[in-house]
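Remarks on the structure that follows.
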Amino acid sequence: MIGLIDGLALPLMRMLDPERAHRLALAGMKLLPARAIVEDERFAVAAFGLKFPNPLGLAAGLDKNAEAVDATFRLGFGFAEIGTVTPRPQAGNARPRLFRLDADQAVVNRLGFNNDGAEAASARLAARAGHGGIVGVNIGANRDSPDRGADYVALVTAFAPFASYLTVNVSSPNTPGLRDLQQASALDELLARVLAARDTAAKSAAKTARPIPVLIKIAPDLTLADLDDLVGVARRRAIDGMIVGNTTTSRPPTLRDIRAYEQGGLSGRPLFSLSTRMLAETFVRVEGRFPLIGVGGIDSGAAAFAKIKAGATLIQLYTGLVFRGLRLVGEIKSDLVNFLRLGRYDALSDAVGVDAAAMTAEPWPG
Ligand SMILES: Cc1cc2nc3c(=O)[nH]c(=O)nc-3n(C[C@H](O)[C@H](O)[C@H](O)COP(=O)(O)O)c2cc1C
């Protein structure tokens, strides 16, 4: 069925404008029939107190409004991340704001957190609450908010009852000033408020409620000095994990498509090298205090395994689906089984970070 949808839809989607193709892809995912998914037991991953059936998740941005969570699991993903959700609904930037770089297998977006708002997304999550699956909620501030910290606090409170984990997105390039929240003092203050709200939410829930894991999602464009400071803050505040990372505002010189010059965040294959290096740099600084989710340019089993060896306990993807289709999820999982066998690993978790030290000793990728 997935092969059939890909065979029909991929050529058609290439002909559509990217936003229409995106809406069609979400609608197509929802048509997927329920099926029993048997996971290889070597894929099981424990992180943030959660048990993931496999380490491959859907990255934030495809399902901003929690419309296709069950379909994400039917595709074979081990977890879903919805959002970015802002407190109030928001239209986002003017169109066109989404560009497919076919020659580079990449996307540039400057959507600007277009979403239905917290009330709509939390209602959808509440409606599927009994269906299971690990669902992270990626949260962000409204563009015109006078107090961005207050937005994150409100979102923690709104989503704590429905989310498996929360991702504090401080790395979207499309909301002016948002990335400044990655600076050490701003991040420290933000995390203090977010973690206090998280603890309050846990206390007001059932007595046994465990505080919901809080992750932060960072940009791949930080300097290593900024990364030192950021990881220092994250460790002191004892956050539960970090996602490395978001789209890049940089433009690798290898890009060929003219749309590369559109303003916005670049994702997909050309992001792989930078984001994987940043992942390894983060891994060596975190020293095992919390797990990392590696994202950026995963479009094959080899790329997925490279992320794990660079330091990712879990991985996510988005743009790979645009070019390789829905079958990519199954392909990556079957390739990972082969990589485990070839590397004589008993479990994927044994491969996490094995290449990080060697990678960070290499010259910076140019
Ligand atoms: C169209 C589009 C929209 C995105 N929207 C969000 C978002 O709302 N929040 C977020 O944290 N990341 C967002 N991302 C970033 C992805 O989650 C991911 O970090 C990035 O695209 C790199 O992964 P990839 O190369 O597999 O796409 C978006 C990416 C794309 C392509």
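Read the numbers this way: they start at 1 and go in the same order the structure lists the ligands and their atoms.
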(request) Answer yes or no: is there a donor N or O on one side and an acceptor on the other, between the side chain of Arg259 and the main chain of Phe99, under 3.5 Å? (result) no
(request) For residues 145-167, pull every pair meeting salt bridge (Lys or Arg N to Asp or Glu O under 4.0 Å), keeping only residues two or more places apart or in separate chains. (result) Asp147-Arg193
Expected list for residues 286-294: side-chain donor-acceptor pairs under 3.5 angstrom, two or more places apart:
unit_1 : atom_1 : unit_2 : atom_2 : d
Glu287 : OE1    : Arg235 : NH1    : 2.7
Glu287 : OE1    : Arg235 : NH2    : 3.1

(message) List the protein residues in contact with ligand 1, where contact means a heavy-atom separation under 4.0 angstrom.
(response) Ala59, Ala60, Gly61, Lys64, Gly83, Thr84, Leu98, Val107, Asn109, Leu111, Asn138, Asn169, Lys217, Gly245, Asn246, Thr247, Ser267, Gly268, Leu271, Val295, Gly296, Gly297, Leu317, Tyr318, Thr319
(message) Between Gln90 (side chain only) and Arg143 (backbone N and O only), is there a donor and an acceptor less than 3.5 Å apart?
(response) yes
(message) Restricting to side-chain contact (heavy atoms from CB on, under 4.5 Å), what partner residues turn up for Arg344, sequence neighbours left out?
(response) none
(request) Could you tell me whether Glu119 atom CD has more than 12 heavy atoms of other residues or ligands within 6.0 Å of it? (result) no
